[in-house]
There are 2 protein chains.
Amino acid sequence: MSRTWNQYIVKQENKALVLNTIIEETPISRAKVAQVTGLNKGTVSSLVSELIDNHFVTESGPGASSGGRRPVMLLFNQTAGFTIALDLGVGYIDAALTDLTGSIITKKHMKLHERQFNKVFTYIVDVINNLIEAMPKSPYGLVGIGIGVPGVVNHNGEILLAPNLNWKNIHLEHALHDVFNVPVIVENEANAAAYGEMRFGFKTPPEHMLYLSIGMGIGMGMVLDKTLYTGLNGFAGEMGHITVVKDGINCRCGNTGCFERYASEQALLEQAIKRGLVSGNEEMSVDLLIEKAQANHQEVIQLFKEIGQYIAIGITTMVNLFNPEQILIGNQLSKLSPWIKEDINYYVFRHAIGFHSKRVTVDFTSPEHLSTIKGMASFAIEKFLLSIKEVE
Amino acid sequence: MSRTWNQYIVKQENKALVLNTIIEETPISRAKVAQVTGLNKGTVSSLVSELIDNHFVTESGPGASSGGRRPVMLLFNQTAGFTIALDLGVGYIDAALTDLTGSIITKKHMKLHERQFNKVFTYIVDVINNLIEAMPKSPYGLVGIGIGVPGVVNHNGEILLAPNLNWKNIHLEHALHDVFNVPVIVENEANAAAYGEMRFGFKTPPEHMLYLSIGMGIGMGMVLDKTLYTGLNGFAGEMGHITVVKDGINCRCGNTGCFERYASEQALLEQAIKRGLVSGNEEMSVDLLIEKAQANHQEVIQLFKEIGQYIAIGITTMVNLFNPEQILIGNQLSKLSPWIKEDINYYVFRHAIGFHSKRVTVDFTSPEHLSTIKGMASFAIEKFLLSIKEVE
DNA sequence: TCAGTTTGTCCACATGTTAGACAAAGTTAA
DNA sequence: TTAACTTTGTCTAACATGTGGACAAACTGA
């Protein structure tokens, strides 16, 4: 039933504690580790020597003295293994080879012109194989593959529905595991981005953070107590389909007045066409509208502000429900930031129940953060480090 | 910084594991505890003997043999200590003395005609003193006081705002601690009810549960991963103030189109008056309307269904956001269940994103559950059992 | 040059879990 | 009635691990 506690667990936990300390404060001396963790100096010495044997830690030259013997600095051996993390978007694959700190070694970008799963899958395999070739020799090699997808993923790594790819019931985790035979993690793109931003986007990571991915649809990744929350089956965060306008516009989900019918890229483009904001021979896109806004096209700016108003309503709702520390807006519509940021902040400040608004921060991210990739890499790394503990 | 792991911690954790096993499966033999927990028989024996010394466990007579020596059955000593839990409502105090399993020993109910804090506080103190007198002698005596309040409570037990009591910035935890000198826990009433229902309302407690308290206002208690989620400052769950109708009715919170302006007791009564559903000399109340509905008053039933429709919209939003296993509707409007339950289930099933609705269950609770009291008792008990671990 | 400081290792010791022996107390079947 | 088997609970020796403190090595600063 429950897990019992014995001396082996104690050792594993302490070893993990030492390793985490070294990861977070690398480079660091044994003495400092002992001081920070509260463990005995002798204990730290013995655990560190095992970590060195296992290639997780290396010794570098002596550090600066602080009035006594010079310390031997310990480094986390970030290249003891590598992960491959992918961001599968609509029309593209972004992929990266990362080390065990999540730092990106090599990047690949590929445009996709087909959406059929079988085709896309071979591209995915190709990209991964490419990155494996670029991978330096290391003690542990490839320790995991993480892939973020724009759709609903259950706890078994199965994609139940990815509307913009027109995929249904695809067991991607299985399929990739069969090919590469390493742990594979499949997660919703917004969830991964949320986790990635929490881990890498702040000096001190926020405890409770919501990441709104506002693209063609709207998804939300929730990091509560520094942990990704995904609900009973993994479907939590379907923010695009909360009702903001009773008896509002029909949504393909079968409901009416859904948030994403008012505040998404899709809503933006629909309105732009309806209002004739583009001439006949232009191809409609967010970037095109942004160009016009930059050229001070008042009607476009007005449209941006209207969409921003709806986004602000959604954010206010989230603040009232979750009392979060941080909200991040990502994906395509984060580009509207210059025209809507101030309005949103003002709206939330005025309309969220008083106390919250004093602490919550609303920011915009940019695609260059590679939040999804970094999040997926984090998942893979954490799974690897946990698996180590369980085996030894 | 982090907590280190040594043999003392191991012992504490194992002791807690043994105690929890005994609590959950009382009566149980030492041998069975060893089998269930995976601990060695000898370890269990030694830990149990300490638990007996500390009065947490008692031995009862021999149990039935299963083909060998008859086991000595161990019982959780539920009366080793007691808690007092209160539900402070608008116009009443409900209070109970409970044992360490949360079972109610004695109940008190008191109507309040005043709302001024000083007055109410003396009543609270009186009720607690009454219950203390009714408390049997026990090794640990009163181990904690828990009090659920209809307002916004921060992590320090301070009531920042209780609109229906007209209280602001009241440090209730401090005040009670000063009088009784035992641990005091103050929590929002919906949060407590959520926890109480999770702990005591099901055969197997749901992992992810939302409790909607629909009274004059609407609050939500969230139990995620069997833990109460309260957000950064403790203000999470302000569901009454999420926007469901863009540019809708003004709310006292400063926002417009808030959920509680359409789906609460307040909204119900307002509409009933507006539609002239009561004669001049009747005093308006939910119970009065229910009587009329029971007498088949069609307009009242129609009004109930309209309110139910809004409740369904709110629930659908919650299902889409949280992917919960269970939703419970409590407080005054749960009484409308006979007229709205089916409609709500149907609406949620039709409008929540497909996959969720297949698993989520929406139920109504009744005040007789004493959910808030039981939740507050749980908090107090858990705090007590934790404090034991830390000291020894 | 020497006293003081810091780092890291080593060893005896305390603590707690485990495995297994064992006795007590019961059941079952001939 | 008896003998073989089962179950329970205690006890002991063996083992693993963390702790505290001694100690040597390496360095600083006056």
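Below, chain A is the first sequence line, B the second, and so on; all start at residue 1. Quick note: numbers below take in every heavy atom, side chains included, and nothing from hydrogens, waters or symmetry partners.
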Starting from [atom2] on [N], measure out to [atom1] on [X] and report it in whole angstrom.
X: Leu47(A); N: dT9(C); atom1: CG; atom2: P; value: 12 Å
X: Ile9(A); N: dG16(C); atom1: CD1; atom2: P; value: 17 Å
X: Arg30(A); N: dT9(C); atom1: CZ; atom2: C1'; value: 10 Å
X: Ile28(A); N: dG8(C); atom1: CD1; atom2: P; value: 10 Å
X: Glu59(B); N: dG9(D); atom1: CD; atom2: C1'; value: 10 Å
X: Leu17(B); N: dG16(C); atom1: CG; atom2: P; value: 16 Å
X: Asn14(A); N: dT17(D); atom1: CG; atom2: C1'; value: 9 Å
X: Lys41(B); N: dT17(C); atom1: NZ; atom2: P; value: 17 Å

Query raised in the report: Is the closest basic N to carboxylate O distance between Glu50(A) and Lys15(A) below 4.0 Å?
Result: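 Here Glu50(A) pairs with Lys15(A) in a salt bridge, since their nearest N and O are under 4.0 Å apart.
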
Side chain of [X] only, please: which of [options] is the nearest?
X: Val10(B); options: dG18(D), dA16(D), dT17(C); value: dT17(C)
X: Ser29(A); options: dG8(C), dA16(D), dT9(C); value: dG8(C)
X: Arg70(A); options: dC27(D), dT18(C), dG8(C); value: dC27(D)
X: Tyr8(B); options: dG8(C), dG26(C), dT15(C); value: dT15(C)
X: Lys11(B); options: dT19(D), dT17(C), dT9(C); value: dT17(C)

State, without any angle test, whether [X] and [Y] hold a side-chain donor-acceptor pair at a distance under 3.5 Å.
X: Tyr8(A); Y: Glu13(A); answer: no
X: Asn323(A); Y: Asn233(B); answer: yes
X: His369(B); Y: Glu197(B); answer: yes

Looking at every strand, decide which applies to [X] at a 4.0 Å heavy-atom threshold: base, sugar-phosphate, or nothing.
X: Thr43(A); answer: base
X: Ser45(B); answer: base
X: Val72(B); answer: sugar-phosphate
X: Ser65(A); answer: sugar-phosphate

Report task. Classify the side chain of Asn40(A) and the base of dG18(D) as holding, or not holding, a donor-acceptor pair under 3.5 Å. Result ->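 Looking at the base of dG18(D), it does not pair with any donor or acceptor on the side chain of Asn40(A) (distance under 3.5 Å).
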
Report task. Assess whether one donor atom and one acceptor atom, taken from the side chain of Arg69(A) and the base of dT7(C), lie less than 3.5 Å apart. Result ->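 Indeed, a donor on one side and an acceptor on the other fall under 3.5 Å apart.
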
Report task. Would you mind telling me which residue lines up with the more 5' stretch of DNA chain D, Gly67(A) or Leu39(A), judged by nearest nucleotide? Result ->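 Residue closer to the 5' terminus by nearest nucleotide: Leu39(A).
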
Query raised in the report: With a cut-off of 6.0 Å (strictly less than), are more than 12 heavy atoms of other residues, nucleotides or ligands near NE2 of His174(B)?
Result: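 No.
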
